[in-house]
Amino acid sequence: MSKIDPLPGLSPYPLQHFYDEMYADERSIRPHYKHVNRMFSGMSPEELQLKQKMMQRRMMEEGITFTLYNPAQDHPMERTIPFDMIPRIIPKEEWERLEAGIVQRITALNLFIHDIYHEQYIVKDGIVPRRMIISNCYFRPEMSGLRVPGGAYVTTSGIDLIRNHDGEYYVLEDNLRTPSGFSYLFKGRSLMNQLFPELSLASSIRDVDHSLNRFLSVLRSLSPSRTKDPVIALLTPGEYNSAYYEHAFLAQQMGIHLVEGRDLVAQDHKVYLKEMNGMRRVDVLYRRLDDDFLDPLAFQPNSLLGVAGLMNAYRAGNIAIANAPGTGVADDKAMYVYVPDMNRYYLNEEPILGNVPTYLLSRTTERQYVLDHLKEMVVKETSLSGGYGMLIGSEASKDELAEFRLKILADPARYIAQPIMSLSRAPVLSGGRMTPRHIDLRAFVLMGADCKPHVIPGGLTRVAMKEGSLVVNSSQGGGVKDTWVMA
């Protein structure tokens, strides 16, 4: 019976010029992958396909889904998220450096958000231009001077990291509003433990389950009341939201209420949950919808998803909202350029993790350079996420390049550009064989009232399932892997 890799340690595919997470070169495997490689190499393609079918069946049974929105289709498509069984492994020392860099970064970002809604020292000292704040669509003047419970603006965050061909990690994006993917991290580990118990038991890896308890503790710490058991609710847009599975999963796992706006009412500057036998006051609201929809009296008046009067209760200090409204000002893609300066300004430290080189197209010289090298660039809208509004120059047609050129010239401040990076690759199983796919890493950070960030070990490895593609976003058809941190 044919094996997936008849010579353990011999790469089953060309490494080319990309950094490969498993293979050091064509003939040797990285030490921390030897056990995993030995196990998968010892299984036939038929065995691997059977395991893959079992994985898909489990995901279907448990409803582990993500909804794709395609403008060409009349209806959104709900599907199980592609899950690859070969874990991504990060050595202990490597993770410790990543963890330190992530903690440093999120600490600086939290201080920045507090600063711009209070004294704005960073603006007065000329580090960040005032226009970058005032013109930012996520800046909320309503938050100015407002005291945030525990000083934690960014309760949950997802920091996207890539590894370039030189083996060095870079921060690609900061997701500080309503980052998603927590459920795939936890469920991925659970499924791997069920299907490959011998693999996980034989490997010394960091546990992730305790991070669910930390998640709940972080939310509890924000409660403005002194009750021993604060009432916590997860506010979801509803079952038609692409990440609804995650909302339901987190609420169930943490034992908190899963609610929609219609389940809540604001009275006397307090927020209550409507129940069969009366109303119960809510202390903490973990929201999974954008600022615009939180409160029709404060933001978008035609929103049916939020709670009228929520912001009045928030201003009165009677409820905590995680993440705090207005955090999006710091994860705008143009603001990303200034994060290394924030590290130096607030912490007096050099950044441990670097940014991907980024061009602000509002700057004339940078805009002209990008337009002259558009084929070599990734161009993104500053306010969008999930892979939307993006151009990958090397994959674009002449017409697409020409169309984007006109968009940039019409509104340059709306876009940033980055050189196309050689994202690292990792093997995935396809048809019972190993084949390379590009990956990134979303590291999740939790921050409570003590403002000491907790980084969930490993995070979520996202996979571009299409051969050669650099787009890993779930909203664009990407998949995921379990991510192991060696203990």
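If you read the sequence from its start, that first residue is 1, and numbering goes on from there. Predicted, not measured: the structure shown is a model, and the values here were computed from it.
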Determine whether a donor-acceptor pair (N or O, by modelled atom type, separation under 3.5 Å) exists between the side chain of Asn355 and the backbone of Pro357. no
Heavy-atom side-chain contact between Thr483 and Pro87 under 4.5 Å: no
4.5 Å side-chain heavy-atom contact, Arg140 and Tyr117: yes
Within a radius of less than 6.0 Å around CG of Asp125, do more than 12 heavy atoms belonging to other residues, nucleotides or ligands occur? yes
Quick check: does any side chain N or O of Tyr169 sit under 3.5 Å from a backbone N or O of Asn164, one acting as donor and the other as acceptor? no
For the backbone of Lys466 and the side chain of Ser469, can you confirm whether one donor and one acceptor N or O come within less than 3.5 Å of each other? no
Ignoring hydrogens and angles, tell me if any N or O in the side chain of Asp291 forms a donor-acceptor pair with the backbone of Pro325 under 3.5 Å. no
Is there side-chain contact between Met311 and Met143, with heavy atoms separated by less than 4.5 Å? yes
Would you confirm whether Arg97, through its side chain, and Ile352, through its main-chain N or O, come within 3.5 Å as a donor-acceptor pair? yes
Are Phe444 and Phe182 close enough that their ring centers fall under 6.0 Å? yes
According to the interplanar angle, ranging from 0 to 90°, do the rings of His118 and His114 count as parallel (below 30°), tilted (30 to 60°) or perpendicular (above 60°)? parallel
Is the gap between the ring centers of Tyr415 and Phe404 under 6.0 Å? yes
Counting distance only, does the side-chain N/O of Arg281 pair as donor-acceptor with the main-chain N or O of Asn318 below 3.5 Å? yes
With no hydrogens and no angle check, is any side-chain donor or acceptor of Asp160 less than 3.5 Å from a backbone partner on Glu173? no
For the pair Phe186 and Phe249, name the ring-plane relationship: parallel under 30°, tilted 30 to 60°, perpendicular over 60°. parallel
Does CG in Leu304 sit with more than 12 non-hydrogen atoms of other residues, nucleotides or ligands closer than 6.0 Å? no
Examine Arg177 relative to Tyr138 and say whether NZ or CZ is less than 6.0 Å from the centre of the six-membered ring and inside a 45° cone about the ring axis. yes
Is Arg214 atom CZ crowded by more than 12 heavy atoms from other residues, nucleotides or ligands, each under 6.0 Å away? no
